[in-house]
Amino acid sequence: MLVWRLTRGDIMSGKEYRTITDVKGPLVFLNKTEPVSYGEIVQLMLTDGSIKNGQVLDTSDDQVIVQVFEGTASVDRQTGVKFLGDVFKLPVSKGLIGRILDGAGRPRDGGPDIVADEMADIIGAAINPYSRQSPESFIQTGISAIDACTSLVRGQKLPIFSASGLPHNDIALQIARQAKLVGSDDDFVVVFCAMGITAEEYNFFVHDLERTGALENSALFVNLADDPAVERLITPRLALTAAEYLAFEHDYHVLVIYTDMTNYCESLRQIGAAREEVPGRRGYPGYMYTDLAMLYERAGLVKGKKGSITQFPILTMPGDDITHPIPDLSGYITEGQIVISRELHQKGIYPPINVLPSLSRLMNAGIGDGKTREDHKSVSDQLYAAYAQGKELRGLVAIVGEDALNERDLQLLKFADIFEDQFLRQSRDEDRTISEGTLDLAWDLLSNIDTKYLVRLDQKWIDKYHPTDKIGKDEE
Amino acid sequence: MSKENGVIYRISGPVVTAIGISPRMYEVVRVGDEGLMGEVIELHGDQSVIQVYEETSGIRPGEPVIRTGQTLSVQLGPGLLTQIYDGIQRPLPKLEETMGVFITRGVDADGLDLEREWDFSAEVKKGDEVGPGHVIGIVQETETIEHRVMVPPKISGTVKSIKSGTFNIKEPICILDDGTEIAMMQEWPVRHPRPFVQKYAPDVPLITGQRILDFLFPLAKGGTAGIPGPFGSGKTVTQQQLAKWSDAQIVVYIGCGERGNEMTEVLDEFPHLIDPNTNKPLMNRTVMIANTSNMPVAAREASVYTGITIAEYFRDMGYNVALMADSTSRWAEAMREISSRLEEMPGEEGYPAYLSSRLAEFYERAGRVQTLAGSDGSVSVIGAVSPPGGDISEPVSQGTLRIVKVFWGLDAGLARQRHFPAINWLNSYSLYPQALDQWYRDNIAPDFPEVRTEISTLLQIESELQEIVQLVGSDALPVDQQLTLEVARMIREFFLQQNAFHDVDTFSDLHLQYHMAKAILSFQEEAKKAMAGGAQLEDVVNVPARTDLMRGRFEKGYQDRISDLVSEMNKQIDASMEAN
Ligand SMILES: Nc1ncnc2c1ncn2[C@@H]1O[C@H](COP(=O)(O)OP(=O)(O)OP(=O)(O)O)[C@@H](O)[C@H]1O
Ligand SMILES: [Mg+2]
């Protein structure tokens, strides 16, 4: 049973049109109907008896354009079209937790239909910026690269920029397993949204969620690679509608993981092409920024509500290119990004997070005295600076050899290796605490560099946290 | 004008076509059963094309469209300051009251509170001649800002009566001989620049407390600046720093198609930040417009005009106003989206052919002017630009750079190294220094321009030397050039880098900036002397007092200590010569 049918008792009585004039890609064009509303849900009755679903993209007295979620194969001029009189809604209730639904919101786990407490419009209204609350509670992921350098806070949208063949799924799952607020036992509910991923990837997620018992605490919306491509345009909206309901009606802290945004954007491009719109960069629609923002901005905290939505969109950068429109426009909307590096992966380092292009814009609000540790910001800045310089020196050494380096440069060069090998590298089930696990480790590694070169560290933190003897001892 | 009713013919996203009415271009109309606000943007045969400022889903052909006879306008008067608006001047707190935390639609809200009463004290009296823009009285709008109530443009005459006292903003407070009534509130159509007598060439800097901006690439009061940069390079932080620390009297901050949380941050922070110029909370001088990325695009298109009109209004009172628009690219994209729905012939990258003229018109509304009342006011405009992939060869960046006089180019590489502000000192520029040099000589130091030239020359030389270093390593350079590299490093790490999130470092007084620059030159000079006298570069660079000098900038009272720190450094450098 389709979700939107629940909204209208009278739809079966709706008038059926057989006025299709054109079919182009996923779009169907109809002539002369009664007034049909913009965004209305549509049902197509094919001559073979099967049913397809769609949504109105353009409406006028003379013509209506419908986008068909399942694609237009087998649609002909005899196909009947019914307008269901309402926009797309998802039945929501706490009963969503523990369920697996398909990309259009139908049960996929063999369970019963969701008994709706409420029918929620899936487009979602914008949160009034005045009604938001600043995210500022540090989430410890147990992964040093993230916790130290791109700290995550509750209510943030922080995508993973990856590429094919890299372990982004492992990282997302590790975060889902380990994420916690320090000094609180509030748990996260996971809303997982699959868009065009392979059955194998999907199984990997489900098995892991099952293995750790997290599945009972999750709601899954699943559109796989062989499911209708256009349906992917609604799947994340369903997931976010569920997330908003759970967070803002039932006080849950929701972690939304959605993958793969790249497939979503491909579907968007497909619709644009079929409408013969003037394309923006690389054929993606000019409104892709706005469209993505309508998803990513559905994160955060609002005044007067206890719950929160934290988003982890995963996207694979075509050709590992961070300037490609998909990562580029995402980066312009999200509050930072975690960038997975093929180079580190090839060196055998897990998690292969390249901290240099990675960023958490909400980090400053979430770290420091009383939140993580007073020296956190300094340490993080210093790690970056030293690693960035060390890495750059690798290029130089390749040309002129180590002999041309001065003492400072040699130390930085060595530090880059240590940083990758000991700080970044950790195992898939290693859950490091921020203070002893991550920051102390950072000080330990930084002590391989003479303090006079550690210009990003405040003297007071050096006095307090630096394992001072080390350099002296090494030199003896 | 008589109201006319028509009906919706077509709906395509934010663009609705109506038939049966013949409105004027840019007239505001009410669309659909819910009366959504829209603006006529094209007339085409018997069809009127309307951009709608609210979500259009669920609306159907045949629903009514009603003319209002008004063009898109803002309400101007006491009550603007500390307020936060959406793109069409609806106060967001008001929307929260009526709709809750999510913005639904079909709700109208006045830009100003029409009920609230203000203490008005008249500044003119019966029999006085008044003309457009003349101040007839004042209202203490916030602790720090006095709102100067002006005669609206186009109105003049002899004051027949005027009263001081407590009034709401619609009540007539002044009546002219010909019977014209003047209230504290006036309205102005946003797409028209407000009038003034003449523009002056800017000759006073807008001081921002940001070292790289003030010292190397200054903006003038009434000037224009563009900040292009890839995502995460620091456009918003830079704009917020300007909103916080620049010495404008009024700040208009437009969040145009950007993040909701960034506006929340401003709302949370500004009431607690103290304006170094008035010692009162910064919020007192601030007006915010927030039309975030997920709010309707048509209202995003309008937000920039709403903001600049408010800025001009305060300029007309004789204030120096600074306006930040983050990001003008999102504004341009809104134009592109609407244009493509209109099926207009696209220009470059799908943007409408009129993109560059719209950009130019917008920046032209900046300037230092002689107001209608004869005083001096200014609007400085700082626009962020978000080029796809960080590549500024695209139309919005190019259109902007052709107009603005200051270019603060943000650099992904610097941001990646956490060199903030990530403004590239080699390709950024300001066309104002010449006009401002006299001001610097008179107010900061007679040799200010020369010091600036020395600093920027050192940075140029460094970039040339770096090319050699890339090939042979720094040890292969002669020691004097190695010293130059150290001095340049000091400029970068000690002077150009400035941490926006550090209590002390976030703002540098212009005098302090000058002393810091001098400290660097002093290091260079002493080091040269010492090395000529046999000291080793390594020892000179590593004198502990230099580290103290550099770290000291994070501590309060640095300005008072800096000359002692410099003397101590120089002493130690001298000593390193004797040690050899
Ligand atoms: N002056 C600064 N001092 C310290 N940190 C800074 C500074 N400027 C930028 N940053 C850092 O860079 C991050 C990104 O900056 P910002 O949000 O201003 O980027 P942006 O250019 O506006 O990006 P977008 O186009 O995506 O909005 C900030 O969250 C902060 O961590
Ligand atoms: Mg920004």
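Below, chains carry the letters A, B, ... as their sequence lines are ordered, and counting in each starts from 1.
- The aromatic rings of B/Phe231 and A/Tyr332 sit perpendicular to each other, their planes meeting at more than 60°, with 30° as the lower class boundary.
- Only the side chain of B/Glu333 has a heavy atom closer than 4.5 Å to any heavy atom of chain A.
- When heavy atoms are compared at a cutoff of 4.5 Å, B/Ile84 approaches chain A solely by way of its side chain, counted from C-beta outward.
- B/Thr292 and B/Glu258 share no donor-acceptor pair across their side chains, judged by distance under 3.5 Å alone.
- Both the backbone and the side chain of B/Tyr9 come within less than 4.5 Å of a heavy atom of chain A.
- For B/Leu267, the part sitting under 4.5 Å from any heavy atom of chain A is the side chain, from C-beta outward, and nothing else.
- Looking only at atom types and distance, the side chain of A/Ser60 has no donor-acceptor partner in the side chain of A/Gln63 under 3.5 Å away.
- With salt bridges taken as basic N to acidic carboxylate O contacts below 4.0 Å, none links B/Asp548 and B/Arg551.
- When heavy atoms are compared at a cutoff of 4.5 Å, B/Asn499 approaches chain A solely by way of its side chain, counted from C-beta outward.
- Residues passing the side-chain contact (heavy atoms from CB on, under 4.5 Å) test with A/Val397 are A/Glu402, A/Leu405, A/Leu413, sequence neighbours excluded.
- Neither the backbone nor the side chain of B/Glu63 has a heavy atom closer than 4.5 Å to any heavy atom of chain A.
- The residue among A/Ile399, A/Val302, A/Leu359, A/Val36 with the most heavy atom pairs within less than 4.5 Å of chain B is A/Val36.
- In this structure, chain A has a heavy atom under 4.5 Å from the side chain of B/Asp268, while its backbone stays farther away.
- Both the backbone and the side chain of B/Glu96 come within less than 4.5 Å of a heavy atom of chain A.
- For A/Asn364, the part sitting under 4.5 Å from any heavy atom of chain B is the side chain, from C-beta outward, and nothing else.
- Side chain to side chain, A/Gln459 and A/Asp463 meet the donor-acceptor criterion of an N or O pair below 3.5 Å.
- For a residue to count as touching a neighbouring chain, one of its non-hydrogen atoms must lie under 4.5 Å from one of that chain's; by this rule A/Arg408 touches chain B with the side chain only.
- A donor atom on one side chain and an acceptor atom on the other are found under 3.5 Å apart for B/Glu55 and B/Ser57.
- Within the 4.5 angstrom heavy-atom criterion, no atom of B/Glu343 approaches chain A.
- If you tally non-hydrogen atom pairs under 4.5 Å between each of A/Val278, A/Leu295, A/Asp61 and chain B, the highest count goes to A/Asp61.
- Proximity to chain A (any heavy atom under 4.5 Å) is shown, for B/Asp86, by neither the backbone nor the side chain.
- Looking at B/Arg300, only its side chain comes within 4.5 Å of chain A, counting heavy atoms on both sides.
- With a 4.5 Å cut-off on non-hydrogen atoms, B/Glu394 does not touch chain A at all.
- Using a 4.5 Å cut-off between heavy atoms, B/Pro346 contacts chain A through its side chain alone, with no backbone atom that close.
- Interface check for chain A: of the options B/Arg416, B/Arg418, B/Glu337, the most heavy-atom pairs under 4.5 Å are formed by B/Arg418.
- Between the side chains of B/Ser327 and B/Ser386, at least one donor N or O sits under 3.5 Å from an acceptor N or O.
- Between the side chains of A/Glu277 and A/Tyr287, a donor-acceptor pair is found at a separation under 3.5 Å.
- Neither side chain, B/Tyr85 nor B/Arg90, offers a donor N or O lying under 3.5 Å from an acceptor on the other.
- In this structure, a donor-acceptor pair under 3.5 Å is present between the side chains of B/Ser339 and B/Glu344.
- Between the side chain of A/Gln311 and the backbone N or O of A/Arg298 there is at least one donor-acceptor pair closer than 3.5 Å.
- The parts of B/Thr56 that come within reach of chain A are both its backbone and its side chain, each placing non-hydrogen atoms under 4.5 angstrom from that chain.
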